[in-house]
Amino acid sequence: MQPVIPEQETDNNYTAGPGSIIVGSVAAFIMIAATAMFMPSLGPEAEFGLCISVPTYMLSPVLEYGLNTLLIVFAIIIAFLINKKHSFVRSTETILPTAMAVILASNPVNISYLGSPVVMLIVNLVCLDIIMKAYNSENATTSMFAVATYLSLGSMVQYAFLLLMFVYPIMAMMAKILRVKEIVAFVMGLVAPYWVALGFGLISFSDFRMPHILVNLPNADGNFLIMVFASLGMLALTGLIMTLNNAMLIYAGNMRVRTFNNMINFLGFCCAIFMIVDFDNFGAYASSFCFAVSVQISNFFVMRRIPQSPVWFWGLLSLFIAFFFFMLIESLIS
């Protein structure tokens, strides 16, 4: 196994070519269908924000699963396009979409209800794109205002977005765009949606409330939940191993690519911490965490010339698929 220069694409084009994305898509849709038919939902009764609560089960189960599947596909396409633009994974092949599809579908928390997990992933992808485009720019006030506005809008219906408000200023610091004027723009972006909503009478001060704690835990069998957490734990261990293995090769690359990977790693690390700290609402952060690990798995195979690369790549993804079927069996016999 030999490393390759980070600025060059590996010749492992067969790692995740057209055949792999087809296999990955089929595997993902099978897992989504199995989740819809046989597994308990991991969604809370409602999504709680600072001033609005939205019932989780407003639509029929078929429509909810269908819409959530479309959102997952949309998120994977966004990640692929952002990577083509910013090259945080040094490959234009389909290794990142393949890894994302399998990993997202392998944990029911990402797919068992239409709500914050995939929505937060899409918001994070959009915000990452904004920060990456503004990298090292002399004036990033518009970018910081836009990021803060998205997070503020999200916090109205899901308080998990509040924690991300502390993440993106640090990421902006990594991207060398955090100055006094950007901090002011970020604060204004946080305030603006609430100011407008109050001004137009869409919400009132009486609607504001503290986040609901310990009411979002899904109503599922204890053993099934343990397996869901074990799957996320295995994903965290995989992400840690991949990140440590990739660190030196990414460090040897150019500053821009290194910064973008550090930002994604930081987002994934924060989401892992938030899943522990905000345990009752862990699902909100799960999809974004899966994306961060998918990036590191993709980088591991892109930056090395590995003999029989597809075997190792699919061998790793098969671990998560196998864990999914253990969860499926548990849900069927419980």
Ser206: which residues meet the side-chain hydrogen bond (donor to acceptor under 3.5 Å, both in side chains) condition with it, sequence neighbours left out?
Ser204
Trp314 with Val295, same ILVMFWY side-chain cluster at under 4.5 Å:
yes
Cys270 SG to Ile273 CD1 distance, which is reported to the nearest 0.5 Å:
8.0 Å
I'd like to know if the side chain of Asn261 reaches the main chain of Val257, judged simply by a donor and an acceptor atom lying under 3.5 Å from each other, with no hydrogens or angles considered.
yes
Could you check whether any side-chain heavy atom of Ile82 comes within less than 4.5 Å of a side-chain heavy atom of Phe88, counting everything from C-beta outward?
yes
In terms of ring plane angle, is the pair Phe282 and Phe229 parallel, tilted or perpendicular, where the classes change at 30° and 60°?
perpendicular
Any heavy-atom pair between the side chains of Asn124 and Tyr168 that's under 4.5 Å?
yes
State the CG-CZ distance between Leu190 and Phe186, to the nearest 0.5 angstrom.
4.5 Å
When you compare the side chain of Phe291 with that of Met100, does any pair of heavy atoms fall below 4.5 Å?
yes
Rounding to 0.5 Å, atoms CG (Leu198) and CD1 (Ile203) come to a distance of 4.0 Å
Nearest heavy atoms of Asn299 and Val89, plus distance in Å:
OD1-CA, 3.5 Å
Below 4.5 Å, heavy atoms only, C-beta onward: do Asn139 and Lys181 meet side chain to side chain?
yes
Under 3.5 Å: donor-acceptor pair, side chain of Asp278, backbone of Phe274
no
Reference residue Ile21; test side-chain contact (heavy atoms from CB on, under 4.5 Å); the match among Thr98, Val26, Ile95, Ile76:
Thr98
Are the side chain of Ser231 and the backbone of Val228 linked by a donor-acceptor contact shorter than 3.5 Å?
no
Phe38 side chain reached by Leu328 side chain, heavy atoms, under 4.5 Å
yes
Quick one: list whatever passes ring-ring contact (aromatic ring centres under 6.0 Å, His included) with Phe323, sequence neighbours left out.
none
For Phe208, I'd like to know if atom CZ has over 12 heavy atoms of other residues, nucleotides or ligands within 6.0 Å.
yes
Could you list the residues that satisfy side-chain hydrogen bond (donor to acceptor under 3.5 Å, both in side chains) with Lys85, not counting sequence neighbours?
Asp129
By ring-ring contact (aromatic ring centres under 6.0 Å, His included), which residues pair with Phe74, not counting sequence neighbours?
none
In terms of hydrophobic clusters joined by side-chain contacts under 4.5 Å, are Leu240 and Leu267 together?
no
Going by heavy atoms in the side chains, are Tyr194 and Leu50 under 4.5 Å from each other?
yes
Short side-chain to backbone donor-acceptor contact, Asp207 and Ile52, under 3.5 Å
no
Listed by chain and number, what are the ring-ring contact (aromatic ring centres under 6.0 Å, His included) partners of Tyr135, not counting sequence neighbours?
Phe260
Using a 3.5 Å distance criterion without hydrogens, assess whether the side chain of Arg179 forms a donor-acceptor pair with backbone atoms of Glu138.
yes
Side chains of Ser116 and Tyr285: any donor to acceptor distance under 3.5 Å?
no
Taking side-chain hydrogen bond (donor to acceptor under 3.5 Å, both in side chains) as the test, write out the residues that go with Asn265, two or more places apart.
Gln296
Just how far is it from atom CZ of Phe266 to atom CD1 of Ile170, taken to the nearest 0.5 Å?
4.0 Å
Given 3.5 Å as the limit, does a donor-acceptor pair link the side chain of Ser287 with the main chain of Asn110, or not?
no
Met171 and Asn262, any side-chain heavy atoms less than 4.5 Å apart:
no
Shared ILVMFWY cluster between Phe145 and Val126, side chains joined below 4.5 angstrom?
no
Does Ser152 use its side chain to pair, donor to acceptor, with the backbone of Ala148 at less than 3.5 Å?
no
Indicate the atoms forming the closest heavy-atom contact of Pro193 with Leu153, along with that distance.
CB-CD2, 3.7 Å
How long is the straight-line distance from OG of Ser288 back to CG of Leu125, given to the nearest 0.5 Å?
7.0 Å
Heavy-atom side-chain proximity of Leu316 to Leu319 below 4.5 angstrom
yes
